[in-house]
Amino acid sequence: MSQPILLLNCGSSSIKYQLLDPEVGAPEAVGIVQRIGLEVGTITHEVGDQEYHQARPFADHTEAVAAVVKMFTDHGPSLDGVVAVGHRTVHGGATFVKSVLIDDTVIDKLVELSDLAPLHNPPGIAGINAAKEVLPDVPHVAIFDTAFFSTLPAEAYTYAIDHETAHRLGVRKYGFHGTSHSYVSKKAAEFLGRPVEDLKTIVCHLGNGASISAVDGGVAVDTSMGLTPLQGLVMGTRSGDVDPGLHKYLMRTGLSIDQVDTLLNKQSGMGGMCGFTDMRDVDAAINSGDERAKLALDVYVHRLISYIGSYIAVLGGVDALVFTAGVGENAAHVRRPVVERLKNLGFELDVAANLARSKQPREISTPESKVRVLVVPTNEELAMAQETLDVISR
Ligand SMILES: Nc1ncnc2c1ncn2[C@@H]1O[C@H](COP(=O)(O)OP(=O)(O)O)[C@@H](O)[C@H]1O
Ligand SMILES: CC(=O)OP(=O)(O)O
Ligand SMILES: [Mg+2]
C-alpha cells in the first residue's frame, strides 16, 4: 500500500513541493509556487501528465501554502492518506545536527535561529505552521540544510576570531544546501559506478542561492556558505564573500546595520551588479551587448573558479566536478567558461555534451579529461522523503 509523504521546500521566494512515497519513487504530484511576495506570483501543480497553472499574488508563505493545499483539494490527489510531512529547514544552528520530529519546542528554537537565516527560517516556520493546521494528526519532520555539514573538520568551520566570542555565540561555519550536496555527491558516485567512499568530489549547487562543497569519501570537508547563507559564491541577490571591513565602511556613510544587511542579501549578487537576478535574463542581456551583465557573469565565474581551485587543494586532488540546481543544471553558458578555464588542471569540456539537455545525470567532459565533469539534477524532495521516513520509523 502506498504511504505518501508530503514534502515542502520553502525557499526565500518559492515553495517547491511533492507528494511522494520514497519506496515507490515516482511522485504522485509535483508543484512550485514562485515569486512569493512580489506583485504577481505563479503556482504550477502537476499530477501525472496534467498540469494546472495560476498566476496571482501570494503575499507570503502562509498564503502560498494555502494555495498549495487548494490545488490538492481542487485537482487531487487527496491528502487523506498522507502519513507524514517533511519540511526543508534551512538553519539548524548548533542545536540540530540531524532531522527531528517537530514539536512546539522545536518551533521555538527555529524562531530563535531566524536571525541567522532571515530569508529562509521565517518562511520555513510559516510553512510548518500552515501545514500543521491542514494535517494536524500526522508527524511533521524538519530536515536541515546544515546537517550534512555538521561533520566539517574544526579547521574548516572555525572563523579566526576571538575564541570566547565564537564559542558563546555559536559563531562558526554551518554550511547550507546540505540535503542537495549529499544527494548529488551520492548520485554522482552511482553514475560513475564507483563507491562514494573512494571519490573526491566538488559539488557546485548553483540555484538562486548558490554554494559549493568539497566531499571526500562521502563526507563533507568544506563548503562556501558560512554562519549564514550569505557567504561564498555570487548569487541571484546575495553578494557572497566581501571584505568584512565593508560593513563598517558603509555604516560610516550613513547606512544602518539593517540597511547593510538588506543591501548584501537582497540588492547584491547578479541583481545588484547588472539588474538581472535570473541567469536566463543575464544571458539574454549579454547577447544583446549589455556590458554590466557580461562583467557580472565574469565575476560569478571568477569566484566559482577560485573556490574550485581552493577545494582541489583542500581535497588533495579531485575525481569529479558536479554541477546541480537551476543554474548548474541548465546554464551551459556558465558551465563552459568555468570548465574551460580549469583546462590546465586536467579538465576538458565536451562542448556538444555541455549543450545537450536532459533530466538525467550526464557527463560533459571528454574521455581524455583527467577530472570527470557531470551535471546531476538535484532532488531535495526525494532525499527529504527518505529522511522523513527514517525519522517516523525510528
Ligand atoms: N533554463 C535555465 N537557464 C539558465 N538558468 C536557469 C534556467 N532555469 C533556471 N535557471 C536559474 O536557476 C535559478 C533557480 O534555481 P533553483 O535551484 O530553483 O533556486 P532556488 O531553489 O534557490 O530558488 C533561477 O533564478 C535562474 O537563475
Ligand atoms: C540556503 C539557501 O540559500 O537556499 P536557497 O538557495 O533555496 O535560497
Ligand atoms: Mg533551492
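Both counts, for ligands and for their atoms, begin at 1 and track the order of listing. Not measured: the values here are computed from a predicted model.
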Legend entry - For atom 5 (N) of ligand 1, the option (of H120, E329, M279) bearing the nearest heavy atom: M279
Legend entry - Flag if over 12 foreign heavy atoms under 6.0 Å of CG, D74: yes
Inset, instruction - Can you sort out which atoms of ligand 2 are near F176, meaning under 4.0 Å from one of its heavy atoms? - result: 1 (C)
Inset, instruction - Ignoring hydrogens and angles, state whether a donor on the side chain of S211 or H181 is under 3.5 Å from an acceptor on the partner side chain. - result: yes
Legend entry - P229, any N or O under 3.5 Å of ligand 2 N or O: no
Legend entry - Close-contact set for ligand 2 against D145 heavy atoms, below 4.0 Å: 1 (C)
Inset, instruction - For the residue pair T223 and S213, confirm or rule out a side-chain donor-acceptor distance under 3.5 Å. - result: no
Inset, instruction - Verify the distance criterion only: is there a donor paired with an acceptor across the side chains of E348 and S365 at less than 3.5 Å? - result: no
Inset, instruction - Decide if the gap between the ring center of H140 and the ring center of H87 is smaller than 6.0 angstrom. - result: yes
Inset, instruction - Do me a favour and list the nearest non-hydrogen protein atom to atom 14 (C) of ligand 1 with residue, atom name and distance? - result: N208 N, 3.9 Å
Legend entry - Test: E164 and R168 ion pair at under 4.0 Å: yes
Legend entry - K109 side chain to T105 side chain, donor-acceptor N/O pair below 3.5 angstrom: no
Legend entry - atom 17 (O) of ligand 1: the protein heavy-atom neighbour that sits closest, reported with distance to 0.1 Å: G326 N, 3.0 Å
Legend entry - Check: S99/E387 side-chain N/O donor and acceptor closer than 3.5 Å: yes
Inset, instruction - Output the list of atoms in ligand 1 that are nearer than 4.0 Å to some heavy atom of G209, sorted by atom number. - result: 22 (O)
Inset, instruction - Using distance alone, determine whether K16 and ligand 1 share an N or O pair under 3.5 Å. - result: yes
Legend entry - atom 8 (O) of ligand 2 - nearest protein heavy atom and its distance: H120 NE2, 2.7 Å
Legend entry - G207 neighbourhood, listing ligand 1 atoms whose heavy-atom distance to it stays under 4.0 Å: 15 (O), 16 (P), 17 (O), 19 (O)
Legend entry - Donor on one side chain, acceptor on other, Y311 and D216, under 3.5 Å: no
Inset, instruction - For the residue pair Q231 and S224, confirm or rule out a side-chain donor-acceptor distance under 3.5 Å. - result: no
Inset, instruction - Any atoms of ligand 2 less than 4.0 Å from a non-hydrogen atom of H177? List them with their elements. - result: 1 (C), 2 (C), 3 (O), 4 (O), 5 (P), 6 (O)
Legend entry - Any H205 heavy atom less than 4.0 Å to ligand 2: no
Legend entry - Which residue and heavy atom of the protein sit nearest atom 4 (C) of ligand 1, plus the separation: R280 CG, 3.6 Å
Inset, instruction - Kindly say whether the aromatic ring centers of F72 and H45 come within a distance under 6.0 Å. - result: yes
Inset, instruction - Show which atoms of ligand 1 fall inside a sub-4.0 Å distance from at least one heavy-atom site of V327. - result: 11 (C), 12 (O), 27 (O)
Legend entry - Candidate with minimal heavy-atom separation from atom 26 (C) of ligand 1, of T378, T324, D278: D278
Legend entry - NZ or CZ of R172 within 45° of Y174 ring axis and under 6.0 Å: yes
Inset, instruction - Can you pull out the closest protein heavy atom to atom 2 (C) of ligand 1? Residue, atom name and distance to 0.1 Å, please. - result: N330 CB, 3.2 Å
Inset, instruction - Quick one: look at R238 and ligand 2, take heavy-atom pairs under 4.0 Å, and tell me if it's side chain, backbone, both or neither. - result: side chain
Inset, instruction - Consider ligand 2: state whether an atom of it lies below 4.0 angstrom from any non-hydrogen atom of M225. - result: yes
Legend entry - atom 7 (O) of ligand 2 [closest protein heavy-atom partner, distance rounded to 0.1 Å]: R88 NH1, 3.0 Å
